[in-house]
Amino acid sequence: MTVRVRIAPSPTGKLHIGTARTAVFNWLFAHNQGGKFILRIEDTDTARSRSEYTESIKSGLAWLGLNWDEGPIFQSDRFHLYREKIQTLLDKGVAYRCYCTAEELEAMRSAQLARKEAPRYDNRHRNLTEEQEAAFLAEGRKPVIRFKIHDHREIVWKDLVRGTVTWKGSDLGGDMVIARAGDTEDLGVPLYNLVVVIDDIDMSITQVIRGEDHIANTAKQILLYEALGATVPQFAHTPLILNDKGQKLSKRDGVTSIDEFRKMGFLPEAMANYMCLLGWTPPDNEEIFSLEGAASQFSLDRVNKAGAKFDWGKLDWINSQYLHQMPAEQLVELLVPYWQQAGSEIDLEGHRPWLESLTAIIAPSLTRLTDCIAESRLLFGDSIKLDEKAKELLQQEGVAEIIKSVLAAIEDKPQLTESDAKGIIKEVTKTQKVKKGLVMRSLRAGLMGELTGPDLLQSWLLLNQKGWDKTRLHQACRELEIS
RNA sequence: GGUGCUGUAGGCAAAUUGGUAAAGCCCUCUGUCUUUCACGCAGAUGUUUGCGGGUUCAAGUCCCGUCAGCACUGCCA
């Protein structure tokens with residue numbers, strides 16, 4: 001049988017890292033098995049679902065490289081199918097109408113809690129007579145539809161991640177609501193546990209791979225598969241993504257949407273790579289790999305059972321690895337938007353070759369794309385801002401002379417080559433009778449205004465292309481004379 | 001309260017059906033390279049698998065108990 005798996009997000013928020021990670025595992029499994037990966041939008045909760053979130057989910061998955069083979073399928077288009085199935089369950093006598101009000105349910109729950117019992121529905125309307133139903137209707141009550149869960153039932157499945165999982169019917173909270181009262185619809189509005197099952201049957205889903213927070217739902221859903229006379233798919237419950245305190249990662253933890261990670265300067269390849277590692281370890285122990293590479297060796301039995309703590313340090317490291325090995329001509333394209341956003345003074349469109357050289361110089365110090373702003377700060381513009389240490393160095397004996405002789409050497413040279421620059425440094429070292437290190441440091445101070453930064457020779461050549469080396473060195477001389 | 005799951009160095013983790021534990025990666029530190037920072041390369045620190053029992057020639061792995069953490073316990077998904 002062809003493997004068919006799906007990711008079924010609810011469009012009630014932007015694409016969440018947890019949803020994306022589940023999508024990664026499904027995608028990996030599908031690609032490993034030569035199966036299909038399907039996108040289904042679970043928007044039965046019309047009050048909370050928004051189309052803009054559907055867009056965020058689609059664009060987020062696409063950005064990560066998680067292409068889907070079928071869909072998106074929208075549950076909101078399929079209410080007719082759900083109603084049909086509800087009727088089937090009603091006809092079979094495995095579902096019934098419950099007329100309890102929210103207040104009654106609440107009273108029941110608090111009474112149970114007061115008695116230190118597990119809160120659950122006591123199945124009180126399971127066997128109502130026609131007269132009783134008529135009486136409730138006459139009161140104006142709107143029924144929900146409940147599916148019978150027998151306490152003595154034992155539900156067992158072989159989880160692809162966790163092994164054999166056993167659940168008692170009595171621990172499922174009583175007969176479950178599969179449709180809530182609708183304003184017009186006699187059969188109500190179908191709810192999550194029901195529609196998931198109906199769709200997974202209808203779409204011939206063979207493996208359901210989702211977060212472990214769904215384990216209890218799985219037990220309920222298996223009962224529905226049986227009631228609908230369908231084959232039960234295989235299940236795999238993946239560990240949750242945890243924050244640094246060990247709790248399920250939530251919106252309160254700050255950055256959780258894929259959109260935010262993108263804006264923070266993470267590459268899609270790095271994100272996808274890291275998400276694979278959130279609960280899975282490749283057999284070859286390599287930690288840098290593409291989705292395709294991971295898919296070729298993916299298996300659910302290497303998925304961890306313990307929660308996966310989100311490790312920012314590791315994500316940063318992975319991102320830096322991708323950044324460092326990316327060709328400058330490709331990287332520069334990704335950097336330009338950040339420079340633009342930061343309001344760079346120079347014309348970013350008209351200076352691709354220059355920007356590409358700049359990119360090559362700063363690339364090794366980038367961890368996130370956003371770092372390009374800080375790392376290139378000293379290379380933009382015709383002037384410098386001397387920090388304390390640079391000022392101190394420039395005031396050392398002989399330094400002013402070094403700067404002046406360099407200036408003299410470049411004054412009427414339009415464009416320096418690397419060997420020109422090296423020659424000048426050598427020459428100045430000789431004529432001023434100083435060590436090369438002092439020349440380099442002096443030059444760095446005068447050219448950059450600070451004593452640390454990327455490779456000096458390359459930086460100089462970059463500035464030279466714009467004529468900024470002359471303006472900056474002149475400025476350094478002026479400031480030296482004033483102080 | 002109930003049910004379920006998890007517990008290996010600072011972090012992520014590896015360890016075929018029980019067979020020498022701490023592989024690998026991140027972080028930290030040191031060395032190296034360099035004018036400097038970063039990158040790269042080389043090396044180092046960390047320790048006995050939450051705790052207590054049991055089975056066994058042998059237990060991270062199996063069993064019992066205990067503690068801790070997390071998840072679920074909706075007319076949300």
Engineer: Side chain of Arg180(A) only, please: which of rU35(B), rC75(B), rG1(B) is the nearest?
Structural biologist: rC75(B)

Engineer: Please classify the nucleic acid contact of Leu443(A) as base, sugar-phosphate, or nothing, using heavy-atom distances under 4.0 Å.
Structural biologist: nothing

Engineer: What I want to check is whether the side chains of Asp259(A) and Ser257(A) have a donor and an acceptor closer together than 3.5 Å.
Structural biologist: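 Absent: no donor and acceptor within the cut-off.
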
Engineer: Base, sugar-phosphate or nothing for Cys98(A)? Non-hydrogen atoms, less than 4.0 Å.
Structural biologist: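 Nothing, no nucleic acid heavy atom in range.
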
Engineer: Mark yes or no for a side-chain to base donor-acceptor pair under 3.5 Å between Lys314(A) and rC27(B), with no hydrogen or angle criteria applied.
Structural biologist: no

Engineer: Using a 4.0 Å heavy-atom cut-off across all strands, classify Thr44(A) as base, sugar-phosphate, or nothing.
Structural biologist: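 If one applies the 4.0 Å heavy-atom cut-off, Thr44(A) turns out to touch the sugar-phosphate alone, with no base involved.
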
Engineer: So what does Asn285(A) touch, heavy atoms closer than 4.0 Å: a base, only the sugar-phosphate, or nothing?
Structural biologist: base

Engineer: For the salt bridge (Lys or Arg N to Asp or Glu O under 4.0 Å) test, which of Arg141(A), Arg109(A), Arg124(A) pairs with Glu104(A)?
Structural biologist: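 One option only clears the test, and that one is Arg141(A).
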
Engineer: Considering only side-chain heavy atoms of Glu212(A), which listed nucleotide, rG7(B), rC5(B), rC12(B), is closest?
Structural biologist: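 The listed nucleotide nearest to Glu212(A)'s side chain is rC5(B).
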
Engineer: Rounding to an integer number of angstrom, what distance separates rC72(B) and rA14(B) when you compare their P atoms?
Structural biologist: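 It comes out at 24 Å once rounded to the nearest Å.
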
Engineer: Determine, for Arg40(A) against Asp200(A), whether the closest basic-nitrogen to carboxylate-oxygen distance falls under 4.0 angstrom.
Structural biologist: yes

Engineer: Quick test of your reading of the model: are Glu450(A) and Lys385(A) salt-bridged, counting only N-O distances below 4.0 Å?
Structural biologist: no

Engineer: Any side-chain N or O of Lys305(A) less than 4.0 Å from the OP1 or OP2 oxygen of rC5(B)?
Structural biologist: no

Engineer: Rounded to the nearest Å, what distance is computed from the CG atom of residue Asp455(A) to the C1' atom of nucleotide rC33(B)?
Structural biologist: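 Going from Asp455(A) (CG) to rC33(B) (C1'), I get 13 Å.
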
Engineer: Can you see if the side chain of Arg302(A) gets near the phosphate of rA15(B) - specifically, an N or O under 4.0 Å from OP1 or OP2?
Structural biologist: yes

Engineer: Counting side-chain heavy atoms from CB outward, which of rG7(B), rC75(B), rG2(B) is closest to Val177(A)?
Structural biologist: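 From the listed options, rC75(B) comes nearest.
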
Engineer: Provide, to the nearest angstrom, the distance between the CZ atom belonging to Arg115(A) and the P atom belonging to rG2(B).
Structural biologist: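 So the two atoms are 15 Å apart, to the nearest Å.
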
Engineer: Which part of the nucleic acid, if any, lies within contact of Arg40(A), taking any heavy atom under 4.0 Å across all strands shown: a base, the sugar-phosphate backbone alone, or nothing?
Structural biologist: nothing

Engineer: With a non-hydrogen cut-off below 4.0 angstrom, is Gln321(A) in contact with a base, only sugar-phosphate, or nothing?
Structural biologist: sugar-phosphate

Engineer: Quantified in whole Å, what is the P atom distance between nucleotide rA23(B) and nucleotide rA9(B)?
Structural biologist: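 Each nucleotide's P atom is 12 Å from the other's.
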
Engineer: Between C1' on rA38(B) and NE2 on His324(A), what's the gap in Å once rounded to a whole number?
Structural biologist: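 In whole Å, rA38(B) C1' and His324(A) NE2 are 8 Å from each other.
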
Engineer: Can a side-chain donor-acceptor contact be found between Asn319(A) and Tyr274(A) if the only test is distance below 3.5 angstrom?
Structural biologist: no

Engineer: Looking at every strand, decide which applies to Asp316(A) at a 4.0 Å heavy-atom threshold: base, sugar-phosphate, or nothing.
Structural biologist: nothing

Engineer: Roughly how many Å apart are rU20(B) and rC37(B), using the C1' atom of each and rounding to a whole number?
Structural biologist: 45 Å

Engineer: How is Ser365(A) classified with respect to the nucleic acid when contacts are heavy atoms under 4.0 Å: base, sugar-phosphate, or nothing?
Structural biologist: sugar-phosphate

Engineer: Contact class for Asn193(A) (heavy atom, under 4.0 Å): base, sugar-phosphate, or nothing?
Structural biologist: nothing

Engineer: Would you please confirm or rule out a distance under 4.0 Å between OP1 or OP2 of rC72(B) and any side-chain N or O of Lys248(A)?
Structural biologist: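 Checking rC72(B) against Lys248(A), a side-chain N or O does come within under 4.0 Å of OP1 or OP2.
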
Engineer: Tell me the partner of rG52(B), counting only Watson-Crick (N1-N3 plus N6-O4 or O6-N4) or G-U wobble (N1-O2 and O6-N3) with both under 3.5 Å; none if nothing fits.
Structural biologist: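 Its partner is rC64(B).
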
Engineer: Got a donor-acceptor pair under 3.5 Å from the side chain of Arg444(A) to the base of rU35(B)?
Structural biologist: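 Checked by distance alone, the answer is yes.
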
Engineer: In terms of the nearest nucleotide of RNA chain B, which residue is placed more toward the 5' end: Leu113(A) or Lys309(A)?
Structural biologist: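 Result of the comparison: Leu113(A).
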
Engineer: Would you tell me if any nitrogen or oxygen in the side chain of Arg120(A) comes within less than 4.0 Å of OP1 or OP2 on rU3(B)?
Structural biologist: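 False: Arg120(A) side-chain N/O out of range (4.0 Å or more) of rU3(B) OP1/OP2.
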
Engineer: Measure from NZ or CZ of Arg6(A) to the centre of the six-membered ring of Phe37(A), then state whether that distance is under 6.0 Å and the direction lies within 45° of the axis.
Structural biologist: no

Engineer: Mind checking if His237(A) touches a base, just sugar-phosphate, or nothing, with heavy atoms under 4.0 Å?
Structural biologist: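 No contact at all - His237(A) keeps every heavy atom at 4.0 Å or more from the nucleic acid.
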
Engineer: Determine the Euclidean distance between corresponding C1' atoms of rG4(B) and rU8(B); express it in Å to zero decimal places.
Structural biologist: 22 Å

Engineer: Minimum heavy-atom separation for Asp175(A) to Tyr121(A), with atom names?
Structural biologist: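 Heavy atoms only, the tightest pair is O-CD2, 3.8 Å.
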
Engineer: Output yes when at least one side-chain N/O atom of Asn243(A) is less than 4.0 Å from OP1 or OP2 of rC70(B), else no.
Structural biologist: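 For rC70(B), OP1/OP2 do not have a side-chain N/O of Asn243(A) under 4.0 Å.
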
Engineer: Describe the nucleic acid contact of Glu287(A) in one word from base, sugar-phosphate, nothing, applying a heavy-atom distance below 4.0 Å.
Structural biologist: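 Here Glu287(A) touches the bases of the nucleic acid.
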
Engineer: Are there more than 12 heavy atoms of other residues, nucleotides or ligands under 6.0 Å from atom CD of Glu52(A)?
Structural biologist: yes

Engineer: Let me know, please, whether Leu456(A) or Ala179(A) comes out on the 5' side of the other along RNA chain B by nearest nucleotide.
Structural biologist: Leu456(A)

Engineer: Under a 3.5 Å threshold, yes or no: a donor from one side chain and an acceptor from the other, between Thr218(A) and Trp157(A)?
Structural biologist: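 On atom types as modelled, these side chains do not qualify, holding no pair under 3.5 Å.
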
Engineer: Quick one: which of rC39(B), rG7(B), rA71(B) gets closest to the side chain of Leu240(A)?
Structural biologist: rA71(B)

Engineer: Say you pick atom C1' in rG10(B) and the same atom in rU17(B); how far apart are they, in whole Å?
Structural biologist: 34 Å

Engineer: In whole angstrom, give the distance that lies between atom CG of Leu378(A) and atom C1' of rA38(B).
Structural biologist: 14 Å

Engineer: Round to the nearest Å and state the distance from Trp317(A) atom CH2 to rG24(B) atom C1'.
Structural biologist: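 Computing the Trp317(A):CH2 to rG24(B):C1' distance gives 10 Å.
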
Engineer: Tell me: CG of Asp171(A) to P of rU3(B), nearest whole Å?
Structural biologist: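 The answer, rounded to whole Å, is 6 Å.
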
Engineer: Paired with rA42(B) by Watson-Crick or G-U wobble geometry, both distances under 3.5 Å: which nucleotide is it?
Structural biologist: rU30(B)

Engineer: For Lys220(A) and rC76(B), what is the distance between atoms NZ and P respectively, to the nearest whole Å?
Structural biologist: 12 Å

Engineer: Scan Ala8(A) against the nucleic acid and name what it touches under 4.0 Å (heavy atoms): base, sugar-phosphate only, or nothing.
Structural biologist: nothing

Engineer: Students often get this wrong, so: under 4.0 angstrom with heavy atoms, is Gly173(A) touching a base, only sugar-phosphate, or nothing?
Structural biologist: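 The residue Gly173(A) makes no contact with any strand.
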
Engineer: Does a side-chain N or O from Thr281(A) land closer than 4.0 Å to OP1 or OP2 of rA14(B), or not?
Structural biologist: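 Yes.
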
Engineer: Across the strands shown, which category fits Val144(A) at heavy-atom distances under 4.0 angstrom: base, sugar-phosphate, nothing?
Structural biologist: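 The residue Val144(A) makes base contact.
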
Engineer: Pick the P atom in rG65(B) and in rU3(B), then give their distance to the nearest Å.
Structural biologist: 13 Å

Engineer: Please name the nucleotide paired to rA59(B) by Watson-Crick or G-U wobble geometry with both distances under 3.5 Å, or report none.
Structural biologist: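 rA59(B) is paired with nothing.
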
Engineer: Would you measure the distance from the P atom in rU73(B) across to the matching atom in rA13(B) and give it in whole Å?
Structural biologist: 25 Å

Engineer: Are Tyr192(A) and Asn217(A) linked by a side-chain donor-acceptor pair shorter than 3.5 Å?
Structural biologist: no

Engineer: Under a 3.5 Å cut-off for both distances, is rC72(B) Watson-Crick or wobble paired, and to whom?
Structural biologist: rG2(B)

Engineer: To the nearest Å, give me how far apart CE (Met176(A)) and P (rC72(B)) are.
Structural biologist: 18 Å

Engineer: Using the P atom on both, measure rU55(B) against rC64(B) and round to a whole Å.
Structural biologist: 15 Å

